[in-house]
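For reference, the structure is listed below as structure tokens.
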Amino acid sequence: MDLGKLATETRNEQTMVLDTLSTEELLRLMNQEDQTVANAVSLEIPQITKVADAIIQSFNQEGRLIYMGAGTSGRLGVLDAAECVPTFSVDPSMVQGLIAGGMKAMTLAVEGAEDSKELGAQDLAAIELTKKDIVIGIAASGRTPYVIGGLEYAGKVGAMTATISCNKAAEISAFAQLPIEVEVGPEILTGSTRLKSGTAQKLVLNMLSTAAMVGIGKVYQNLMVDVKPSNKKLEERAKRIIMDATECSYEVASGMFEAADHQVKLAIVMILTDSSQAEAREKLTAAKGFIRNTIV
């Protein structure tokens, strides 16, 4: 393979003297380069929109969102999947991150794992992938065999496929129905795709999961109304969300939080519609989880 043809692997002409700079000069140069990433992502918003809508469609048919990647790309997918559980109170199976080499690869390099197309297919088979699911392959270079193997398997199953890469005409794009290609250009440290490429991937993942959760009713106004209050800090945040959504007092929010069995969304509907827990639950079910649609 000729890595020299990939933008992510070429040398950055602006950072050729990186080793001669003071710490502050180096950091300012890094920051200058990082500021180009958001603009690069913005160019792909039409395609990101299509992928987000495909995720919503998958969720609406009780399908799952599956990220898969190797190294930094895989870790970012696992991170985004993990954050969906406390933020939106979804079951851990609904959004999953697969990384070449398994969970031990989150902290240690697993030699050769990313080079196996068979492993990518095996990992999807292990979670019993179905045509209701959507698989998003993540690879900064756009050529990771593990991801390609997974996408090929997903295609055979009939699942929707998408990709996130940081090179144009990426190899993995040919294996996806909805490819996203965010070209951030050469890294400040040649080939270190945990930098600008990693930032771009994180931005796209933030957009996809957040937009998809909004699209299935997990958000009211700009509030995390399905937050999982799993500790004292989050319990206080939950009460604050109830207050913000209903303009009620702390005392009322606390009381309704308890009356709703610590379910923020339910407490909000109980207050906004002056309903009992059972009535509010029926309203939410009829509104398919969208608080705004429960308000007459």
Side-chain angles (χ1 to χ4, degrees), residues 1 3-15 29-56 65-81 83-84 95 97-100 114 134-148 150-151 154 160-214:
M1 76 189 72
L3 294 180
K5 293 182 179 179
L6 301 178
T8 51
E9 298 293 331
T10 57
R11 299 185 70 184
N12 190 324
E13 295 295 330
Q14 306 302 314
T15 64
L29 185 54
M30 284 189 72
N31 180 250
Q32 180 180 312
E33 288 288 312
D34 285 342
Q35 289 179 45
T36 68
V37 176
N39 287 334
V41 170
S42 73
L43 297 175
E44 283 295 298
I45 285 179
Q47 196 70 354
I48 296 170
T49 299
K50 293 178 183 178
V51 178
D53 285 341
I55 297 171
I56 293 169
L65 166 58
I66 311 298
Y67 296 129
M68 62 186 313
T72 298
S73 298
R75 294 181 188 105
L76 289 170
V78 172
L79 173 63
D80 196 71
E83 293 289 354
C84 285
V95 184
L98 301 178
I99 182 170
E114 72 173 74
I134 178 169
V135 175
I136 301 182
I138 314 169
S141 67
R143 50 150 302 277
T144 307
Y146 171 81
V147 173
I148 291 173
L151 292 169
M160 179 65 71
T161 54
T163 54
I164 305 171
S165 62
C166 295
N167 285 300
K168 291 299 181 182
E171 186 177 348
I172 61 172
S173 295
F175 297 89
Q177 294 157 290
L178 296 170
I180 297 170
E181 298 177 341
V182 182
E183 190 169 37
V184 297
E187 298 288 356
I188 63 163
L189 182 63
T190 306
S192 184
T193 52
R194 68 187 180 87
L195 301 176
K196 290 195 297 183
S197 295
T199 300
Q201 291 172 328
K202 181 66 168 68
L203 290 175
V204 174
L205 291 169
N206 288 347
M207 296 168 87
L208 291 175
S209 56
T210 302
M213 292 300 172
V214 171

Run the side-chain hydrogen bond (donor to acceptor under 3.5 Å, both in side chains) test against [X] and tell me which residues pass, sequence neighbours left out.
X	result
Glu187	Ser197
Thr72	none
Gln177	Thr161
Thr193	none

Please find the pair of heavy atoms, one from [X] and one from [Y], that lie closest to each other, and give the distance.
X	Y	value
Leu76	Gln201	CD1-OE1, 3.6 Å
Ala211	Ile56	O-CD1, 4.0 Å
Ala81	Val95	CB-O, 3.5 Å
Val135	Ala154	CG2-CB, 3.9 Å
Thr8	Cys166	CG2-O, 3.4 Å
Val147	Gly137	CG1-CA, 3.5 Å

Does any pair with a residue in residues 196-205 pass salt bridge (Lys or Arg N to Asp or Glu O under 4.0 Å), and if so which ones, sequence neighbours excluded?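 As it turns out, the salt bridge (Lys or Arg N to Asp or Glu O under 4.0 Å) pairs with a partner in residues 196-205, which skip direct neighbours, are Glu33-Lys196.
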According to salt bridge (Lys or Arg N to Asp or Glu O under 4.0 Å), does anything in residues 34-48 pair up with another residue at least two apart or in another chain? List the pairs.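 Pairs touching residues 34-48 that pass the test: Glu44-Lys168.
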Gap between atom [atom2] of [Y] and atom [atom1] of [X] - 0.5 Å precision:
X	Y	atom1	atom2	value
Ile148	Glu114	CD1	CD	11.0 Å
Ser73	Leu205	OG	CG	9.0 Å
Ile138	Arg75	CD1	CZ	12.5 Å
Leu208	Leu65	CG	CG	8.0 Å
Glu9	Thr190	CD	OG1	9.0 Å

Listed by chain and number, what are the side chain to side chain contact (heavy atoms under 4.5 Å, CB included) partners of [X], not counting sequence neighbours?
X	result
Thr15	Asn12, Leu18, Leu29, Ile188
Ala54	Ile134, Met160, Leu178
Ser173	Thr163, Ser165, Ala170, Pro179, Glu181
Thr49	Ile45, Asp53

List in chain and number order the residues that pass salt bridge (charged side-chain N to carboxylate O under 4.0 Å, His left out) with Glu183, two or more places apart in sequence or in another chain; answer none if no residue qualifies.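 Testing Glu183 for salt bridge (charged side-chain N to carboxylate O under 4.0 Å, His left out), a comparison that skips the adjacent residues, returns none.
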Going through the checks in order, is the side chain to side chain contact (heavy atoms under 4.5 Å, CB included) test met by Thr36 and Val184? CA-CA 7 Å; Thr36 68; Val184 297; 5.7 Å; no
Is the backbone N or O of Tyr146 less than 3.5 Å from a side-chain atom of Thr144, with the two atoms forming a donor-acceptor pair by type?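 Answer holds: no.
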Is the closest side-chain heavy-atom distance between Ile136 and Ile55 below 4.5 Å?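 A side-chain contact under 4.5 Å exists here.
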